[in-house]
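Worksheet for the structure shown next.
Model, not experiment: these values are computed from the prediction. Whatever order the structure lists ligands and atoms in, that order sets their numbers, starting from 1. Residue indices begin at 1 and follow the sequence shown.
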Amino acid sequence: MHALNLQAKTLSLAERLADLAVDALIDEADLSPKPALVDRRGNGAHTDLHLGLMHASALALWPAFKEMAEAAIEIGEVGLPLREAIGLIGREGEQAMLATTHGVNTHRGAIWALGLLVAAVALEPQSSAAGSVALRAARLALLDDRYAPRPLSHGAQVAQRYGARGAREEAQLGFPAVTQRALPQLKCSRAAGHGEQNARLDALLAIMTNLADTCVLYRAGEEGLHTMQLGAQAVLDSGGSASLAGRRRLHELDQQLIALNASPGGAADLLAACLFLDRIESGDDINQGAF
Ligand SMILES: CC(C)(COP(=O)(O)OP(=O)(O)OC[C@H]1O[C@@H](n2cnc3c(N)ncnc32)[C@H](O[C@H]2O[C@H](COP(=O)(O)OP(=O)(O)OP(=O)(O)O)[C@@H](O)[C@H]2O)[C@@H]1O)[C@@H](O)C(=O)NCCC(=O)NCCS
Ligand SMILES: Nc1ncnc2[nH]cnc12
């Protein structure tokens, strides 16, 4: 092959954003030790998930993220046409996920959160501050997709039982768990020299201290949710993931959540959203692309 043929292809903005979304999902899955979640150590509180499946699911979502970004670029503004376009692509993405996982829900919440954020960046790539991106995503999430089916999802059942509004409300409020908790904690732990993996674990814990995670509520009720929130706070109060005392508390939390069958899947999705926004905010990655 001629050397010229080996030149790297310049990626489009949509391709680059899809790369970043998939990278965020894989980084989230790989991060260890996450309490009761799938990670490099094992399957946490799950019997039907494993790390290879999380990776395969993340990769299967690349076309959906790219198409959502392309729709945003083509339509060019927040409004019902874009909301309904990404809703349709999101549902097709869910089908691609389920085909890859043989019916296991690996990333439903992540398709929702990252899909909205990918579209929000694609609309205005120069306005890349996390807060601005999250607010554009919230404006999209507030629009009602007329074609969205209303299944009695786990989230809908938990809303009836406990009044928690879960993933939809988190997006409509502009992802406060990410912008007000995870990103500040990530930066704070990095600044303290705790190392990247510990900083990411601390960001996950910061989300868990406050989130009404419908995955935990569905599996383990209010006891599970309180255990998650108080346990995560205890790890941070003990010095976080980089300290010996924090690590001990993290191990206890892992054991307690597994005993309750409580998996913080919603918090994991929001950590992926945090890692995505962190990369977007840093600017380097999308500027390597074509725009
Ligand atoms: C608007 C939707 C998000 C639908 O929301 P709803 O609440 O009705 O639906 P759920 O199917 O329950 O999915 C919500 C998922 O969001 C994650 N999540 C939970 N709490 C929060 C929260 N407070 N903030 C943000 N995100 C949250 C969570 O996803 C993770 O958990 C999944 C596993 O959950 P579950 O299915 O309950 O699984 P298990 O208990 O393990 O099941 P069994 O083993 O018992 O069978 C895991 O996959 C993580 O992703 C919730 O599950 C939106 O989905 C929607 O409308 N989609 C339609 C398409 C669309 O419009 N897309 C827009 C494109 S951007
Ligand atoms: N690492 C993980 N483990 C279990 N459920 C998840 N949902 C999203 N990420 C997850």
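Counting heavy atoms under 4.0 Å from ligand 1, residue Glu170 touches it through the side chain alone.
Using 4.0 Å as the threshold, Glu169 has no heavy atom nearer than that to any atom of ligand 1. Ligand 1 does not have Ala148 within reach: every non-hydrogen atom of the residue lies 4.0 Å or more from it. Using a 4.0 Å heavy-atom cutoff, His46 is listed among the residues neighbouring ligand 1. Ligand 1 is never approached by Gln157 to a heavy-atom distance shorter than 4.0 Å.
Between Ser263 and His46, the side chains place a donor N or O and an acceptor N or O closer than 3.5 Å (distance only, hydrogens not considered).
For Glu223, the CD atom sits in a loose shell: 12 or fewer heavy atoms of surrounding residues, nucleotides or ligands are nearer than 6.0 Å.
Contacts of Ala129 classified as side-chain contact (heavy atoms from CB on, under 4.5 Å), with partners at least two apart in sequence or in another chain: Ser132, Glu281. Listed by chain and number, the residues in a salt bridge (charged side-chain N to carboxylate O under 4.0 Å, His left out) with Arg41 are Asp39, Asp254 (sequence neighbours excluded).
Considering each of Ala141, Ala212, Gly266, Ala119, the one bringing a non-hydrogen atom nearest atom 23 (N) of ligand 1 is Ala212.
Atoms of ligand 1 lying under 4.0 Å from at least one heavy atom of Arg91, given by number and element, are 59 (C).
The residues lining ligand 2, counting any heavy atom closer than 4.0 Å, are Glu28, Lys34, Leu37, Val38, His46, Leu49, Met54, Thr106, Gly265, Ala268, Asp269.
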Using distance only, find each side-chain donor-acceptor pair of residues 107-118 under 3.5 Å and give its atom names and separation, not counting sequence neighbours.
{"residue": "His107", "atom": "ND1", "partner": "Ser57", "partner atom": "OG", "Å": "2.7"}
{"residue": "Arg108", "atom": "NE", "partner": "Glu94", "partner atom": "OE1", "Å": "3.2"}
{"residue": "Arg108", "atom": "NE", "partner": "Glu94", "partner atom": "OE2", "Å": "3.1"}
{"residue": "Trp112", "atom": "NE1", "partner": "Ala167", "partner atom": "O", "Å": "3.0"}

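At distances below 3.5 Å, not a single donor-acceptor pair connects side-chain atoms of Glu28 with backbone N or O atoms of Asp269. Side-chain atoms of Arg219 come within 3.5 Å of backbone atoms of Asn261 as a donor-acceptor pair (strictly under, hydrogens ignored). Using modelled atom types, one side-chain atom of Arg83 and one backbone atom of Leu143 make a donor-acceptor pair closer than 3.5 Å.
Across all non-hydrogen atoms, the minimal contact from Arg91 to Pro149 is CD-CD, 3.6 Å.
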